[in-house]
2 protein chains.
Amino acid sequence: MAGSNLHAVAKEAGVSVSTASRVLNKAPGTVAISAATIARVRAAANSLGYVPHAAARMLRTGRSRCIGVLGAHPSFFAARGHFTGEIMAGLMRAGVELGYHTTLLTGWEHFVAGGDIHADLGSADGLLVLNRDLYQNPAHMDTIRRCRIPVVYALEHPDGDPDVVYARPDDEQGGRLAVEALRHAGHERIGFGRNREWQGIFGRRQRGWETAMRAAGVELRDDWVFNETPDPQCVAELGLTAIIGANQSIGRTAHQVLADAGVPVELVVFGHLDERGAPLQDDPAVAHDLAGCIARAVHQLVGLIEGKTIDRQILAPMAFHPSTTALAGPTR
Amino acid sequence: MAGSNLHAVAKEAGVSVSTASRVLNKAPGTVAISAATIARVRAAANSLGYVPHAAARMLRTGRSRCIGVLGAHPSFFAARGHFTGEIMAGLMRAGVELGYHTTLLTGWEHFVAGGDIHADLGSADGLLVLNRDLYQNPAHMDTIRRCRIPVVYALEHPDGDPDVVYARPDDEQGGRLAVEALRHAGHERIGFGRNREWQGIFGRRQRGWETAMRAAGVELRDDWVFNETPDPQCVAELGLTAIIGANQSIGRTAHQVLADAGVPVELVVFGHLDERGAPLQDDPAVAHDLAGCIARAVHQLVGLIEGKTIDRQILAPMAFHPSTTALAGPTR
DNA sequence: CTGAAAGCGCTTACAG
DNA sequence: CTGAAAGCGCTTACAG
């Protein structure tokens, strides 16, 4: 790199290495140093383009200012969709804010193959887990625990453990929001479409729907929930006039299938926002700020690393975004 | 981490730290060590769960086994599309193969804001540039050069510099491929649709189209290329029977606009493959293996870092993927 | 074939 | 207010 080290800076400033280190590292006021010394060391560091050697610092302090991100299998990242971009945006934003690096733990594949992730985690001060396969496997969890570094979960997280730290969208509240929007437009009989993926997230969205529907005094039946694609005849018989899609694709498909079968329904989906906060889908949607959520998780993690008190369980509220055309009322 | 160090391993094995280090690091046969010693050190390291301290090793060797990835602004990652996922997949694949970590240089935003990226690059052995804003700015290039670490470009790269190292899809060959496919179906008058984004990539695709068309003896005119959306009347007058879209969105839109105006054309787009190598779009497409390309770029970079001889300019061939329905011939 | 020693660059008690 | 010294864990000439 730049090549100059503390020794050179100290020499240039005419002070000892210790003093140079103190000037450059200690928060002003924390330690007594003369103003003249401070000025000379700063000037020397500047003129030499001094950049602290990260490895040396880490060896000494035991901190790398680097967090590991345990994502999913590459094929997940390679899946269609907006997902990865939001995650990246959140990671970078928080990294810049906090002065931390972000390492993709490329060892993940080794890890799930029964390999040893210790080497990969070795230089991370903390671990951000974005992966639900992981914590559902006790052996994997044990491996992570042995690393003895703070762990924060985003997106999905182990349930029922009060010590777990996470930040995620409030999917249940999102489900209630979707019901509210449709009820406001006059709908009373509202179905819920999901699939068997993402049990945690889709499950919470469904629970929100259930809660809001029950609160509105609607008698729910199991067949108001469909998997993947609804049966138009069944929807017609149940008299559903609207559906909520646990994601955009499920909602879109269901909407289309029903329309084609002459059973039109109104649709609200769970969707995404773009980087300017505008909804990414044309359908009316309940959406979360995923990038913001990831960024908050990183803040939690750095808080843990640095021993600060933090909110250990963050639920980020979702918001309803109407489409360009207002929600229509029941047509049947 | 695990807490045990070389010292502990050496003690357990009854050898010196030097010997333990040699056993654990030198390639077998490189250095003379007795078989018994090797066995004892290996056993000790295993039983203690020894993991080398990355920072200490780096401080000593000056190598971090970590490469920096200078991507784009988060808003780019957050854009719709398949892009980021393929990049991630390529990075992870190569990282695992080569035993290198991958650091997202979160300092990019600081960098373009005129900040100093040295601190971020400090611990990277090499730099992968995925960003075209960067090398078009002399000041940024200068900053990178001062880091004195090897640099490899993927996706886009500076033109005309014979020393530059890159791996990217062969877009020009892809353009020729698209023409071939359409000519094979009987088309002779083939237009090209692009926009003003991605000058480098779209320009090369266009150049491939030009080359193949000229080679086929077709007299090209400037108005066979349209920006964003074609003028149906113009297309009809020119007698174009097919178009090539520089990406899927441009191609799709143009195809639709022309069909709506009663000027149907056959369409081939530039597209993507999913992680199993299947095309991601319904239209007939010329597609590249972007993840593979990124992985090859990482291999180049690690080759440079480790002083091996490498292919300095890699052009990965693209392939034509017909859709489920074969290409139709000219209809007008 | 093996070990003792130096040193990578930094931070931090400790001693003035 | 400042400096000399120890030591983080490792690798590698150097000397046996």
Side-chain angles (χ1 to χ4, degrees), chain A residues 1-42 44-45 48-66 118-119 121-123 125 306, chain B residues 1-42 44-45 48-66 118-119 121-123 125 306:
Chain A
M1 291 295 319
S4 81
N5 56 21
L6 246 200
H7 180 79
V9 172
K11 200 165 139 193
E12 170 88 6
V15 298
S16 73
V17 175
S18 337
T19 300
S21 174
R22 271 189 290 260
V23 171
L24 266 15
N25 291 304
K26 300 295 185 185
T30 311
V31 71
I33 317 175
S34 78
T37 302
I38 292 180
R40 269 181 301 138
V41 171
R42 289 242 143 85
L48 292 174
Y50 171 69
V51 175
H53 191 292
R57 180 177 270 177
M58 183 186 175
L59 179 56
R60 183 60 230 228
T61 63
R63 288 278 166 77
S64 63
R65 297 195 74 79
C66 178
H118 283 102
L121 286 178
S123 47
D125 290 342
E306 301 184 346
Chain B
M1 294 298 319
S4 80
N5 57 19
L6 247 200
H7 181 80
V9 172
K11 199 165 139 194
E12 170 87 8
V15 297
S16 73
V17 176
S18 337
T19 300
S21 174
R22 272 190 289 263
V23 171
L24 265 16
N25 291 304
K26 300 295 184 183
T30 310
V31 72
I33 317 175
S34 78
T37 302
I38 291 180
R40 266 182 303 136
V41 172
R42 290 243 143 85
L48 292 175
Y50 171 68
V51 175
H53 191 291
R57 179 177 271 177
M58 182 188 174
L59 179 58
R60 182 59 229 230
T61 63
R63 290 277 167 77
S64 63
R65 297 195 74 81
C66 178
H118 283 102
L121 286 178
S123 47
D125 290 343
E306 300 184 346

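Chain identifiers are assigned alphabetically (A, B, ...) following the order of the sequence lines, protein sequences preceding nucleic acid strands; residue numbering begins at 1 within each chain. Computed from a predicted model, the values in this text were never measured in an experiment.
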Donor-acceptor contact present, side-chain B:D125 to main-chain B:R63, <3.5 Å: no
Please report the distance separating the P of D:dT2 from the corresponding atom of D:dA6, rounded so that it comes out in whole Å. 23 Å
What is the distance from atom CG of B:L48 to atom NZ of B:K11, rounded to the nearest 0.5 Å? 10.5 Å
Could you walk me through whether A:K26 and A:I33 pass the side chain to side chain contact (heavy atoms under 4.5 Å, CB included) check? CA-CA 10 Å; A:K26 300 295 185 185; A:I33 317 175; 5.6 Å; no
Between protein and nucleic acid, restricted to nucleotides 9-12 of chain D and to nitrogen or oxygen atoms under 3.5 Å apart, what atom pairs and distances do you find?
from	atom 1	to	atom 2	distance (Å)
D:dG9	N2	B:A56	O	3.3
D:dC10	OP1	B:Y50	OH	2.5
D:dC10	OP1	B:H53	N	3.2
D:dC10	OP2	B:L6	N	2.5
D:dT11	OP1	B:N25	OD1	3.3
D:dT11	OP1	B:N25	ND2	3.0
D:dT11	OP1	B:R57	NE	3.0
D:dT11	OP1	B:R57	NH2	3.3
D:dT11	OP2	B:S21	OG	2.8
D:dT11	OP2	B:N25	ND2	2.7
D:dT11	O2	B:R60	NH1	2.4
D:dT12	OP2	B:K26	NZ	3.0
D:dT12	O4'	B:R60	NH2	3.4

Give, for atom OG of A:S21 and atom CZ of A:R60, the distance between the pair rounded to the nearest 0.5 Å. 9.5 Å
Separation between CZ (A:R57) and CZ (A:R65), nearest 0.5 Å, reads 8.0 Å
Closest non-hydrogen contact found for A:R40 with A:A13 is NH1-O, 2.8 Å
Quick one: A:M58 CE to D:dG7 C1', roughly how many Å, whole number? 16 Å
Would you call A:N5 and A:H53 a side-chain contact if the rule is heavy atoms closer than 4.5 Å? no
Intra- and interstrand pairs of DNA chain D - dot-bracket, Watson-Crick/G-U under 3.5 Å, | marks other strand: |||.||||||||.|||
Do A:L6 and A:L24 have side-chain heavy atoms sitting under 4.5 Å apart? yes
Just how far, in rounded Å, is P of D:dC8 from CZ of A:R63? 18 Å
